[in-house]
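Read the structure below first, then the notes.
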Protein chains: 2
Amino acid sequence: MKNRILTVDDDRDILKVLKANLELHGYEVDTAESWTKAQEILTTRQPDMIILDIMLPDGDGIEICRHLRKESPQIPIILLTARDKVSDKVMGLEIGADDYVVKPFETLELIARIGACLRRVCPITEDEVVIGNLKVDFKKQIVTVSGKKVELTPKEYKLLCFFINNRGEVMDRETIRKTIWKDSHIYSWSRVIDVHIQHLRQKIEKDPSNPKYLLTVPGAGYRFMD
Amino acid sequence: MKNRILTVDDDRDILKVLKANLELHGYEVDTAESWTKAQEILTTRQPDMIILDIMLPDGDGIEICRHLRKESPQIPIILLTARDKVSDKVMGLEIGADDYVVKPFETLELIARIGACLRRVCPITEDEVVIGNLKVDFKKQIVTVSGKKVELTPKEYKLLCFFINNRGEVMDRETIRKTIWKDSHIYSWSRVIDVHIQHLRQKIEKDPSNPKYLLTVPGAGYRFMD
DNA sequence: AAAGTGTGTAAAGAAAGTGTAAATTTTTAA
DNA sequence: TTAAAAATTTACACTTTCTTTACACACTTT
C-alpha cells in the first residue's frame, strides 16, 4: 500500500530529483510542471500528499494552496519556496499548508518531513494495536495492560499513540515537542517531556524503573520497543 | 538497488579490469570504448555515474565533460587521465568533474572515490548499514557486532555514524572536531578525539590494538575501512 | 643515539543527562 | 465560583558520559 505523492514544480530538474528520491523511499509519484497540469492529474486520481512549489508560471501558490484546502481538506500539503521570509512562512502555514520547506532544500530533510507529515495526518490504519500485554484501542481510545483498563490523561494518550506509530524508531525531544506540543512554546530546558514519559511509564510499565516498552536512548531521546 | 556506472576508456584491458572490479563491488557496469559508443548508451539509459578517460580517440575529454555537465548536470563524473599535471587537474575539476584519478591508478582507490562520490551526490540514508560483522541501524540507533548489541555513548555513536558515512576517506582531526564537536570549543592540543576513538575501538573491534575498521592514518587522522 | 613528534591507553575529576518526587500553575468540569 | 484533574515547573539525587591529564611507546628527524 504505497502512498501517492503529487509534486508540482516548474523546474524539471527538481521534479526529476524529487521523483527519483521519493520513489526510492517507496512512494508513488506524479509530477506536474504547472498548476494546469496538476489539476488534470487531480481529476483522475487523488494523491495522499501534495508537494507544491509556491512559485508557478500559471498561478500563485498561496492561492492554489487555499483553493486545495477548500476542495480537498484531507490531503496534506507541503509548500516549497525559494523565499525564506518569516512572513511567508507564517502565511504558508496559516492558509493551511501542513509544512513548509525552503529552497534549496536538503532532499533528506524533505523526505523526513513527508514521512512525519503522512504519519501525522493518516496516522493509524488499524483499529487496535497489541504489543505484549499492552493493548490500545484507537477507536474507543482505551488502553489496557494485561486486560486491565488504564486511565491516561490526554497528553499521555497522545504521547503513547505517537510512540506506537513510530515504534522502533528513536524519537528525539525536538520531534516529540513538535508533534505533541506543536505551537505551544516550551523552553528548550523544560523537563515536561521527561516528566510525561515518567507518568506514562508508571501507568503502562510493570516495573517503571526498568521499562520494557518505553526505552530511554541516552543523549538522543526515547524509543518504543516493538 | 544497484548503482549503474558507465565507464568510457579506449583501452579494452582497463575496461575489462574496471568492469570486473566494479561489479565485484556491487555496481552494474556499462562500458564504452569511444565517445560515440558512450553517447549511444546514454540515450538508452542514464547511469548514476560516469568514469571518463580524458584521452579518447574521437573527442577531447575536457570538452566531453563540459558537454555532459550541461546535458546531465546531476550525473557525477570522475575523470581518468594519464597526465598528472596540476593544471589538468584544476581544469578537470573546474569544468565540472567531481573527482579526478591519475593513471596508473590503484583500483581500490578508485573504488573508494566512487563510493565517496556517490554518497556525496546522492546522500540517501539507508536504514541500516552492514560492514563485515558490524551493523548499524540508524532508525533504532542500535549497533551490533556479530549480532551482539553494543552500547555506545552519544558521542561514540555520532563518531561511528560520521565514519561510516565517510568510509574509505581519511578524516583529519579538524574535520572531525568541526562535525562532531561543532561549536563546543576544544583546545587544539586536546586529546578528546583520540580517546573517543579508543573507546569506540574497544566496543566495535575484535582486537582494539589492531583495528580492522577504524584505522589510524599517522600524521593525518583516522579512516574507516570498507 | 638522542630529541622530538604523534598516537595508545589508563585513570580521575568535571560536566551533562536522566529519574523522580513534590510543589505550583493552568485547565477543565461541575 | 470552586474543586478536581491535568500540565508544568522545580529541585535534587544519581548515573553516565565527557574531558583532561599523565605517561608509555613507536616512529621520524637531526
Side-chain angles (χ1 to χ4, degrees), chain A residues 141 143 150-163 170-174 176-177 179-224, chain B residues 141 143 149-163 170-177 179-224:
Chain A
Q141 298 208 0
V143 178
V150 168
E151 299 290 347
L152 297 185
T153 71
K155 273 257 158 58
E156 286 162 4
Y157 181 73
K158 270 187 208 158
L159 253 187
L160 179 59
C161 291
F162 170 74
F163 273 106
V170 175
M171 297 287 121
D172 64 280
R173 289 181 174 73
E174 179 54 16
I176 298 172
R177 191 195 60 70
T179 313
I180 310 292
W181 272 264
K182 289 186 178 154
D183 45 349
S184 81
H185 82 298
I186 281 177
Y187 297 107
S188 57
W189 59 82
S190 170
R191 305 291 309 282
V192 203
I193 294 175
D194 304 69
V195 173
H196 273 87
I197 296 278
Q198 308 314 322
H199 293 164
L200 239 187
R201 279 183 178 153
Q202 282 168 2
K203 294 188 181 179
I204 65 170
E205 299 277 0
K206 207 166 188 174
D207 179 3
S209 305
N210 292 69
K212 201 178 112 196
Y213 299 119
L214 200 38
L215 308 178
T216 300
V217 183
Y222 296 96
R223 183 163 64 88
F224 202 89
Chain B
Q141 297 203 9
V143 178
K149 188 176 170 191
V150 168
E151 299 289 348
L152 297 185
T153 71
K155 274 260 156 60
E156 286 162 3
Y157 181 74
K158 271 186 209 155
L159 254 186
L160 179 59
C161 291
F162 170 74
F163 275 106
V170 176
M171 296 287 121
D172 64 281
R173 290 182 174 72
E174 179 54 16
T175 306
I176 297 172
R177 192 196 59 69
T179 314
I180 310 292
W181 272 263
K182 289 183 179 157
D183 44 349
S184 82
H185 83 297
I186 280 178
Y187 297 108
S188 57
W189 59 82
S190 170
R191 305 291 309 284
V192 203
I193 294 175
D194 304 70
V195 173
H196 273 89
I197 296 278
Q198 309 313 322
H199 292 164
L200 237 188
R201 279 183 179 153
Q202 283 170 1
K203 294 188 181 180
I204 65 170
E205 299 277 2
K206 207 166 189 173
D207 179 3
S209 306
N210 292 68
K212 202 178 112 197
Y213 299 119
L214 199 37
L215 309 178
T216 300
V217 183
Y222 296 96
R223 185 161 66 89
F224 201 90

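Because the structure is a prediction, the values reported are computed rather than measured. The sequence lines fix the lettering, A, B, ..., with proteins before strands; numbering per chain opens at 1.
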Under a 4.0 Å N-O cut-off, is there an ion pair linking A:Asp194 with A:Arg173?
->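 Yes.
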
Is there a side-chain polar atom (N or O) of [X] under 4.0 Å from OP1 or OP2 of [N]?
{"X": "B:Trp181", "N": "D:dT19", "value": "yes"}
{"X": "B:Ser190", "N": "D:dT19", "value": "no"}
{"X": "A:Lys155", "N": "D:dT8", "value": "yes"}

Quick one: [X] [atom1] to [N] [atom2], roughly how many Å, whole number?
{"X": "A:His196", "N": "C:dG19", "atom1": "NE2", "atom2": "C1'", "answer": "16 Å"}
{"X": "A:Arg223", "N": "C:dT18", "atom1": "CZ", "atom2": "P", "answer": "14 Å"}
{"X": "B:Tyr157", "N": "D:dT17", "atom1": "OH", "atom2": "C1'", "answer": "17 Å"}
{"X": "B:Trp189", "N": "D:dT21", "atom1": "CH2", "atom2": "C1'", "answer": "13 Å"}
{"X": "A:Arg177", "N": "D:dA7", "atom1": "CZ", "atom2": "C1'", "answer": "16 Å"}
{"X": "B:Ile180", "N": "D:dT19", "atom1": "CD1", "atom2": "C1'", "answer": "16 Å"}
{"X": "B:Glu156", "N": "D:dT17", "atom1": "CD", "atom2": "P", "answer": "8 Å"}

CG on B:Leu215 to OH on B:Tyr222, rounded to 0.5 Å =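 It is 11.0 Å, given to the nearest 0.5 Å.
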
Measure the spacing between CZ of A:Phe163 and CZ of A:Arg223 and express it to the nearest 0.5 Å.
->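 With rounding to 0.5 Å, CZ (A:Phe163) is 11.0 Å from CZ (A:Arg223).
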
State, yes or no, whether a side-chain contact exists between B:Leu200 and B:His196 at a heavy-atom distance under 4.5 Å.
->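 Sidechains of B:His196 and B:Leu200: no contact.
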
Pairing partner (Watson-Crick or G-U wobble, both distances under 3.5 angstrom) of D:dT30 |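 Pair assignment: D:dT30 / C:dA1.
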
Identify the heavy atoms of [X] and [Y] that sit nearest to each other, and give their distance.
{"X": "A:Pro218", "Y": "B:Pro154", "value": "O-CG, 3.3 Å"}
{"X": "A:Thr216", "Y": "A:Arg201", "value": "OG1-NH2, 2.7 Å"}
{"X": "A:Glu205", "Y": "A:Tyr213", "value": "OE2-N, 2.8 Å"}

State which of D:dT20, D:dA6, D:dT8 makes the closest approach to the side chain of A:Pro154.
->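 Between D:dT20, D:dA6, D:dT8, the one nearest the side chain of A:Pro154 would be D:dA6.
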
Indicate for each nucleotide in nucleotides 4-14 of chain C, in 5' to 3' sequence, whether protein heavy atoms under 4.0 Å reach the base (B), only the sugar-phosphate (S), or nothing (-).
-> --SBBBB----

